Amino acid sequence: MLGVPDTATDILKGQPAPTRAVRQRKNKVWAVAFFQDGRRVVTGSHDETLRILDVRQPGKMVGDPFKGHTDRVRSVAISPDDERIVSGGDDATVIIWDTKSRQMVFNPLVKHTEKVNSVCFSPDGRRLASGSHDSTVVIWDAETGAVLATLEGTSQYRRKTVHVWSVAFSPDGLKLASGSSDHTIRVWHTVNAECLLKITTGQWSVRSVVWSPDGTQLVSGSSDNIANFWNSSNGEKIGEPCIGHTRWITCLAISSDNSFIATASDDSTVRLWCTKTHKQIGHVLEHAKKVHSVAISPDAELLVSGADDGNLQLWSVRDILEQGEAEKSQIEDEEVQEQLSRSSETQSSRNSDNEHTGSNGDHNDIYQDNTSDSSGSDDQDSLFDVSYLFIATCF
């Protein structure tokens with residue numbers, strides 16, 4: 001792991017710095033994805049190109065850029081075998097690339113009529129899907145470029161065209177989730193194109209959606225600045241939302257071990273969240289400009305994010321997680337010390353009251369007996385306080 005702090009004190013000094021920072025001229029980084037080897041990333045940019053970067057050599061581009069789109073590249077994805085890349089752009093086309101030759105496998109795939117916001121490969125790499133501003137989701141044969149299905153259940157919302165912002169295949173490849181501007185997540189059967197489930201998420205566009213690695217949950221990021229977890233079978237919301245961003249979530253990713261998600265936002269930050277508690281982990285990761293893309297390496301050790309100013313930042317996940325644990329430990333220690341201090345003050349006050357009662361002499365003999373009986377209760381109260389503190393420290 002790169003750049004791991006030596007002590008908890010180092011971790012708590014401030015916000016974590018990116019392990020690597022790469023500036024791609026001055027072009028917005030709209031999309032980013034990790035190769036399965038975890039050593040390379042591909043980016044899609046405002047300058048109509050894709051580029052491959054080696055994360056071990058900051059600033060080094062691997063080979064020439066991929067050229068073929070005639071407008072900005074909105075989305076990129078990599079096949080499971082790392083042999084092909086798919087991209088979608090504002091030119092309304094989908095392009096499949098050969099990774100080694102950097103050439104188009106086919107001519108640009110044309111079916112959409114407006115910009116393509118999201119593309120993804122199926123787990124077996126034989127199909128791909130695209131979601132567009134034209135309200136449709138298209139499933140393609142990745143080996144021939146043929147259209148397998150066009151999903152049009154998102155055609156109209158209040159007489160407005162629905163923008164499909166995100167598409168994602170389930171881990172078994174049998175389902176496809178889409179997130180749209182009509183505030184919904186839809187789950188489709190990839191064989192017969194049937195809409196299996198419609199989740200109404202609220203009053204805001206769903207900008208990004210991903211599956212949990214086991215396929216039982218969906219995670220969405222929306223224009224209300226919030227990420228939510230959903231049961232992928234019945235659409236029920238799971239737990240509390242992830243709240244912290246101050247502007248809409250543009251992209252999210254989930255770790256391969258299902259331990260955390262990462263969200264990128266228009267508020268110029270990236271945040272990590274625990275998938276069990278839905279609480280934020282560690283400090284906010286800051287960019288100077290809006291963040292459009294985020295991806296997690298297959299081994300869940302690195303995080304990459306791309307922003308409006310062309311900056312691509314690489315973060316050590318271990319740094320962030322250790323920082324979060326150190327902060328949590330420090331907060332818990334402070335809470336325990338505060339409770340012990342209060343308990344000590346309470347006991348001192350009781351001792352003072354007992355001494356004052358004893359000084360009243362024979363006149364209060366009966367009262368003294370009563371306080372003597374009740375002192376056992378005081379001891380029990382004190383014991384309960386200490387026991388409570390001990391239990392609290394275990395969690």
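All values derive from a computational prediction rather than experimental measurement. When reading the values below, keep in mind they use all heavy atoms of this one structure, side chains included, and skip hydrogens, waters and symmetry mates. Throughout, numbering of the chain's residues begins at 1 and tracks the sequence.
Side-chain contact annotation: His69 with Ser87, donor-acceptor N/O pair under 3.5 Å present. A donor-acceptor pair shorter than 3.5 Å cannot be found between the side chains of Asn311 and His287.
Put simply, CG on Leu174 and OG1 on Thr190 are 5.5 Å apart, with the number rounded to the nearest 0.5 Å. To the nearest 0.5 Å, atoms OG1 (Thr200) and CZ (Arg186) are separated by 8.0 Å.
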Requested in this report: In sequence, state the C-alpha distance, the side-chain angles, and the governing distance for Val284 and Asp267, and then conclude on side-chain contact (heavy atoms from CB on, under 4.5 Å).
Outcome: CA-CA 11 Å; Val284 173; Asp267 66 7; over 6 Å; no
Query - Derivation of the side-chain contact (heavy atoms from CB on, under 4.5 Å) call for Val137 and Thr150 - result: CA-CA 6 Å; Val137 174; Thr150 301; over 6 Å; no
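Listed for the Thr99 side chain is a donor-acceptor partner under 3.5 Å among the backbone atoms of Glu83. Within the 3.5 Å criterion, the main-chain N or O of Leu50 finds no donor-acceptor partner in the side chain of Thr43.
Annotation for Glu240: atom CD does not count as buried by contact number, only 12 or fewer foreign heavy atoms lying within 6.0 Å. Around atom CZ of Arg126, no more than 12 heavy atoms belonging to other residues, nucleotides or ligands sit under 6.0 Å away.
Under the 30°/60° scheme for interplanar angles, the aromatic rings of Phe66 and Trp97 are found to stand perpendicular. His133 and Trp165 have perpendicular rings, their planes meeting at more than 60° on a 0 to 90° scale where under 30° would count as parallel.
Counting only heavy atoms from C-beta outward, the side chains of His278 and Phe229 approach each other to under 4.5 Å. Side-chain contact between Ser305 and Gln313 is present, with at least one heavy-atom pair separated by less than 4.5 Å. No side-chain heavy atom of Val86 sits less than 4.5 Å from a side-chain heavy atom of Trp140.
Looking at Arg56 and Asp54, a side-chain N of the basic residue comes within less than 4.0 Å of a carboxylate O on the acidic one, giving a salt bridge. Note on Asp90 versus Arg74: salt bridge recorded, some NZ/NE/NH1/NH2 to OD/OE distance being below 4.0 Å. Between Asp266 and Arg247 there is a salt bridge, since at least one side-chain N of the basic residue sits less than 4.0 Å from a carboxylate O of the acidic one.
Placement of Leu109 and Val147 within a single hydrophobic cluster is found when ILVMFWY residues are connected by side-chain heavy-atom separations under 4.5 Å, directly or transitively. Cluster membership for Ile296 and Ile320, using ILVMFWY side-chain heavy atoms within less than 4.5 angstrom, is shared.
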